[in-house]
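First the structure, in the form of structure tokens, and then the observations on it.
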There are 2 protein chains.
Amino acid sequence: MASGTFSRRVTAADIAKSLGVSRATVGFVLNNTPGQTISEGTRSRVLAEAERLGYRPHTAAQALARGRSRVVLLVLPDWPIEYSMGRNIEEASLALEEAGYSLVTYTRHDSSRTRPLWETLNPDVVMGMLPFAAADVESMRASGVPHILPSPDVPPSWEQGASVTVGPSLQVQHLVELGHRRLGFAASSDPRLSKLVEARSAAVRAEAARKGLPEVAELAVGIGDTSAAAGAVATWRADEVTAVVAYNDDVAAMVAGAAIRSGVSVPSELAIIGHDDSPLAGMFVPSLTSVHLDDAGFGRQLAAIALHAAEGLPLPDADPAFAARVVRREST
Amino acid sequence: MASGTFSRRVTAADIAKSLGVSRATVGFVLNNTPGQTISEGTRSRVLAEAERLGYRPHTAAQALARGRSRVVLLVLPDWPIEYSMGRNIEEASLALEEAGYSLVTYTRHDSSRTRPLWETLNPDVVMGMLPFAAADVESMRASGVPHILPSPDVPPSWEQGASVTVGPSLQVQHLVELGHRRLGFAASSDPRLSKLVEARSAAVRAEAARKGLPEVAELAVGIGDTSAAAGAVATWRADEVTAVVAYNDDVAAMVAGAAIRSGVSVPSELAIIGHDDSPLAGMFVPSLTSVHLDDAGFGRQLAAIALHAAEGLPLPDADPAFAARVVRREST
DNA sequence: GTGAGGAACTAGCACGCGCAAGCAAGAGGG
DNA sequence: CCCTCTTGCTTGCGCGTGCTAGTTCCTCAC
């Protein structure tokens with residue numbers, strides 16, 4: 001029967017009344033407001049009463065009063081997100097929650113005529129994987145979003161950093177260590193991925209040049225398009241390519257599948273390395289060598305960047321967080 | 001420079017002042033408040049001015065004033081979610097946005113000592129894939145969550161419906177049509193999935209019984225555990241099982257991989273059918289027959305259930321939405 | 001004895017919005 | 001002509017918090 005009655009929620013005023021102090025005092029205690037002196041007795045009595053009554057601050061009221069919502073909006077791209085992204089987000093969410101923020105994820109479906117979530121959620125921070133379109137930035141500014149990441153004002157964004165290039169570099173290094181010199185790059189033909197594909201492709205070419213390899217033969221492979229994959233394999237073979245760097249594990253699987261079907265043995269005739277170390281990489285036959293990224297570290301980095309923007313907290317120096325390593329399996 | 005000045009956000013009072021009407025009038029127009037008569041002239045002038053000034057209602061203030069936040073919180077389980085779940089959510093989010101609600105997803109990491117999101121977000125509806133634990137329900141009630149789905153008061157929940165059983169039935173039917181009679185079921189050994197595995201397993205056994213098949217040989221296969229998969233394949237072969245129904249595509253891939261590695265040809269010696277029609281199913285060699293679910297329909301159903309709870313909107317009758325079909329590929 | 005100063009509070013406004021209640025002016029019926 | 005009803009508004013309170021500007025009381029120096 002205790003929980004049966006649909007009781008109004010407990011407010012700070014309830015605590016104050018029950019204790020015979022003013023509501024302001026309660027507020028000062030609960031917020032540890034600096035510059036306020038509260039006696040130890042009162043402080044502990046307020047905290048105990050809050051606990052006893054099951055007080056929960058009303059987020060909407062807080063947001064209204066202080067003008068900040070403590071919500072971080074993470075805008076996910078419309079394209080199929082990487083496998084590791086899910087774990088990143090979970091970790092970031094955890095780190096933000098510990099700082100009193102809520103992470104809300106939002107997939108932007110540009111076909112939609114409805115108002116984007118940042119206009120209705122009043123987030124303190126909006127984060128994206130890639131820089132936002134000018135129209136979106138305008139809309140965020142108009143809705144009063146205080147912080148936009150990557151910042152539209154600073155062209156070189158954080159996502160262009162080590163997190164993108166370290167994986168492709170490792171892919172190339174691994175193949176070179178195995179003695180391969182003539183490499184192919186299997187891009188994804190999905191137009192939505194073009195920016196990321198391009199970034200990884202550039203990183204691969206840069207690493208190849210650094211190692212003094214001949215030019216990398218780049219071909220596009222569509223997920224589900226087996227004939228394109230078969231064509232790519234044939235072209236690479238004709239071109240004397242012995243190893244293929246794939247944009248990600250899905251593309252790697254397409255290439256490996258096409259190779260097997262056309263009688264090209266993996267890895268002896270064609271080695272293949274993927275990226276992301278998705279579950280698929282371990283399950284495929286032959287299992288796929290891939291690059292494993294430190295999801296948790298990346299997620300925490302994401303959270304740190306948001307907190308840096310929102311509260312000026314220091315950014316963790318360097319990025320041992322972006323640790324990546326090659327997981328060698330049967331395909332190389 | 002227009003956007004340079006950090007201008008305060010536009011409020012309904014700004015519209016009122018600029019037009020020389022009262023703030024209430026503006027509110028009535030913007031909300032189409034029933035029971036209020038507003039002249040056509042005033043109405044259009046208010047709407048035009050709102051548009052001109054770029055007015056955005058302040059969600060927090062609305063939530064505070066009306067006591068409802070128009071937020072639907074979807075609690076995702078800690079376990080690896082199905083591939084199709086992502087598309088479901090997107091579709092549900094779209095449908096809810098059109099009804100003026102925001103869908104926020106939240107992965108519950110039970111290791112966390114931070115307060116669950118429903119305590120800080122004040123959602124109107126909290127939805128889960130499976131019934132919530134009693135402690136969680138208590139916490140939601142204490143935070144004043146008006147609607148919990150599946151409802152803790154009504155034991156038979158919607159998720160137990162056709163959406164769970166239709167896929168497994170189709171799997172069995174497909175194999176029976178191909179002449180198989182002695183079936184195996186490949187469960188997932190992930191303990192977090194046990195409830196769903198059990199539900200699908202029961203559906204498979206029920207369908208098998210309906211078709212008059214001998215008992216289904218169920219074995220657990222862990223993702224990444226190749227030796228367990230190999231053992232399962234050997235056991236089934238010894239048991240004269242000719243076809244395996246897999247819990248999902250990942251498990252199907254594990255089984256198929258183990259079969260190939262141990263020289264059992266797929267599908268001639270062992271047929272395998274997966275579930276979910278994830279991208280993996282098409283990429284695997286041999287490609288995997290699977291059950292494709294109507295993601296969009298399921299997502300819209302999810303949204304409809306939420307709106308039904310929140311606003312008493314009618315539930316769409318029946319469920320052609322839960323349409324599922326077998327996608328036949330090489331593994332059967 | 002008195003004034004300064006600090007500790008420990010309280011009163012009350014602001015945040016932006018929804019909505020109940022009230023009010024002026026005109027329409028219509030007797 | 002008076003009364004009622006409707007139209008088209010306005011005034012103002014309340015939602016739960018944060019926080020500024022006091023107010024009271026007590027201590028302590030001179």
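Quick note on labels: first sequence line is chain A, next is B, and so on, each numbered from 1. What's counted below: heavy atoms across the whole structure, side chains too, no hydrogens, waters or symmetry copies. Bear in mind the structure is a predicted one, so any value in this text is a computation, not a measurement.
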Could you pull out all residues at least two apart from [X] that satisfy side-chain contact (heavy atoms from CB on, under 4.5 Å)?
| X | result |
| --- | --- |
| B:A142 | none |
| B:L121 | B:V71, B:L73, B:V104, B:L117, B:P123 |
| A:T33 | A:F28, A:N31, A:Q36 |
| A:A296 | A:E91, A:D294, A:R300 |

With B:S22 via side chain to side chain donor-acceptor pair (under 3.5 Å) - residues at least two apart | B:T25
With A:R43, which residues qualify under side chain to side chain donor-acceptor pair (under 3.5 Å), at least two apart?
-> A:N32
Donor-acceptor pair, side chain of [X] and main chain of [Y], under 3.5 angstrom:
| X | Y | answer |
| --- | --- | --- |
| A:T11 | A:A13 | yes |
| B:S93 | B:I89 | no |
| B:S69 | B:N122 | yes |

So where does chain B start and stop touching DNA chain D, 5' to 3', when the test is distance under 4.0 Å to a non-hydrogen atom?
-> D:dT7 to D:dG16
Taking side chain as C-beta onward, heavy atoms only, is B:T120 less than 4.5 Å from A:S102?
-> yes
Measure all distances between protein nitrogen or oxygen atoms and nitrogen or oxygen atoms of nucleotides 13-19 of chain C, and list the pairs falling under 3.5 Å.
| unit_1 | atom_1 | unit_2 | atom_2 | d |
| --- | --- | --- | --- | --- |
| C:dC17 | OP1 | B:Y55 | OH | 2.5 |
| C:dC17 | OP1 | B:H58 | N | 3.4 |
| C:dC17 | OP2 | B:A12 | N | 2.7 |
| C:dG18 | OP1 | B:N31 | OD1 | 3.4 |
| C:dG18 | OP1 | B:N31 | ND2 | 3.3 |
| C:dG18 | OP1 | B:Q62 | NE2 | 3.1 |
| C:dG18 | OP1 | B:R66 | NH2 | 3.4 |
| C:dG18 | OP2 | B:N31 | ND2 | 3.2 |
| C:dG18 | N7 | B:R23 | NH2 | 3.2 |
| C:dG18 | O6 | B:R23 | NH2 | 2.8 |

So the salt bridge (Lys or Arg N to Asp or Glu O under 4.0 Å) pairs with at least one residue in residues 50-69 of chain A (sequence neighbours excluded) are A:E49-A:R52, A:R56-B:E119
Partners of B:D124 by salt bridge (Lys or Arg N to Asp or Glu O under 4.0 Å), sequence neighbours excluded?
-> none
Listed in order of residue number, which residues of residues 36-49 of chain B have a non-hydrogen atom at under 4.0 Å from DNA chain C?
-> none
At how many degrees, to 10°, do the end axes of the helix from C:dG1-D:dC30 to C:dG30-D:dC1 meet when each uses five pairs?
-> 60°
